[in-house]
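Working notes, beginning with the structure itself.
Note that ligands are numbered from 1 as they come in the structure, with each ligand's atoms numbered from 1 the same way. These values consider heavy atoms only, across backbone and side chains, with no hydrogens, waters or symmetry-generated copies.
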Amino acid sequence: MAEKRAQFGTKIGVLMATVGSAVGLGNIWRFPYECGNGGGAAFLVVYIAFVFLLGVPAICAEFSLGRSSRKGMPLSFRVTDGSRRWDILGYASIIAAFMILAFYAVVAGWTLEYIMDSVTGLFKDTPNSDRHAQFASFVSGWRAVGWALLFLLINALVMTGGVVKGIERVSNILTPLLFLLLIVFSVNSLLMPGAAQGLEFMFKPDFSKLTTEVVLGALGQAFFSLSLGMGCLVTYSSYFSDDTPLVKTAMQISVLDTLVAVMAGVIIFPAVFSFGMSPAEGPTLVFEVLPNIFHNMPGGSFWSFLFFVLLALASLTSIISVSEIVVAFLCDCFGMTRIKATCIVTGISLVTATLCSLSFGSLAELNLFNIFDFLSSNVLLPLGGMGLCVFVGWRMKRSAYLEQMKRESGVPAFVFDYITIGIRFVAPACILTVFIAGLL
Ligand code: PFF
């Protein structure tokens, strides 16, 4: 027997759960290295443009579809369209969700190792010069696999226990705490000797650095960071109450999520230059730079403990939202119980996460980690986002999606035009252009 569909209890709970989904490794781990690879400020400018030109309208599109249909993937399309023609988009979302679960669990697992190192004092004992070698040896081994699997099991525990109460309540405390800590670390980083160089890298754009690859990277990063394009927000909004303000929530998510990404950059880049590292180091960047900062701070083990606990929890609220897409799909489409659905999702992810983790060691040639990361973020999410916008903008009745957004008061009329134009024209056209340019 399928269980009754959950519903978020409060408006602040909705905000914390959606911001909890958006804010995660995407901001603190992925953004700095994508930005570093993309030349810094030029990437940031394109990224912010994507967030507000495409991101906000696309969030509104997902919200309208989810709340009006009260279904996740792919049933929201089926119920709205009255046909199965759009199901393919829903199934692509499920595949993307599995890919993200696999590599996300690996990186989230790394945060657990760092929590342990902070407690045991290994952080303090390792000189900064050995950091790179130590991290490389850790990620290539079975210990990293173990942490990824543990993280997936913790995720499963929360999923079966019911997302809304646990996560809503926990997020209410942790999300503000994470912001506070990020401010403390930003200030600390600004006082470092390399601060000026780091800030210049982050905020002084050199547009000659922009290639189509960088633009595609910024597009993928915007979708990944806002949890867009794979129906996560469709699924979450199917749990919204009728009076949840959609446009306001979309704006709040976008602003807060971007703020966290910028703060992560302000923390990382000055430190990168202070320690003579390269900003284009890739996925391991944050895990090698941050420990260097903590190592030099008074009470470093304490700060690093706190930081990685919060990062682990921020990852948890995000990974839960990814799992929720698949769990809701299995419950809605096959009438499974939440527990059974969670067991299936976790079982598959345990295998794929192991393969991803070993991409840093014995399976380096296959490198499933990079393949999953690239395919999901840079291909499936933007294409899924385009499909969603085309569906809502052109297939769903205009009055139907606008009715969802117009339930809140105090939104100026031009905002609805901006959202409609964004959903119908700007988002599909931009995504298509970036894609074709990328292919060429
Ligand atoms: N937005 C999350 C992050 O930035 O870490 C990752 C994510 C969550 C992506 C949910 C996609 C998703 F559906």
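Remark: ligand 1 and Ala22 share an N or O pair separated by less than 3.5 Å (distance only, no angle test). On a distance-only criterion, Leu25 and ligand 1 share at least one N/O pair closer than 3.5 Å.
Contact atoms of ligand 1 toward Cys232: 10 (C), 13 (F) (distance under 4.0 Å to a heavy atom of the residue). Near Val322, meaning under 4.0 Å from any of its heavy atoms, are these atoms of ligand 1: 8 (C), 10 (C), 12 (C). The contact set between ligand 1 and Met230, taken as ligand atoms under 4.0 Å from a residue heavy atom, comprises 11 (C), 13 (F). Of all atoms in ligand 1, numbered sequentially from 1 with element shown, those under 4.0 Å from a heavy atom of Gly26 are 3 (C), 4 (O), 5 (O). Heavy-atom contacts of Ser225 reach the following atoms of ligand 1: 1 (N), 4 (O) (cutoff under 4.0 Å).
Taking the six-membered ring for Trp and thresholds of 30 and 60 degrees, Tyr47 and Phe43 have nearly parallel ring planes, at less than 30 degrees apart. Using the six-membered ring where Trp is involved, Phe287 and Trp110 have ring planes that are perpendicular, over 60° apart on the 30 and 60° scheme.
When non-hydrogen atoms are compared, ligand 1 lies under 4.0 Å from the side chain of Ser321 (C-beta onward) but not from its backbone.
Residue contact annotation: Trp29 has no non-hydrogen atom under 4.0 Å from ligand 1.
Here the heavy atom of the protein found nearest to atom 9 (C) of ligand 1 is Phe224 O, 3.3 Å. Annotation: atom 5 (O) of ligand 1 to nearest protein heavy atom, Tyr104 OH, 2.5 Å.
Both the sub-6.0 Å distance and the 45° axial angle are satisfied by Arg424 relative to the ring of Trp394.
The residue from Gly24, Gly231, Ser21 that puts a heavy atom closest to atom 2 (C) of ligand 1 is Ser21. The closest heavy-atom contact to atom 10 (C) of ligand 1, among the options Ala97, Ser227, Ala108, Ser93, comes from Ser227.
Side-chain atoms of Gln221 and Tyr33 form no donor-acceptor pair, as typed in the model, at a separation below 3.5 Å. No side-chain donor-acceptor contact under 3.5 Å links Asn155 and Thr346. Using modelled atom types and a 3.5 Å distance limit, the side chains of Ser304 and Ser118 yield a donor-acceptor pair. Side chains of Thr354 and Ser357: a donor-acceptor N/O pair is absent below 3.5 angstrom, by distance only.
In summary, Arg395 and Asp81 engage in a salt bridge, as defined by a charged side-chain N under 4.0 Å from a carboxylate O.
Considering all non-hydrogen atoms of both residues, Pro382 and Gly220 come closest at CG-CA, 4.3 Å.
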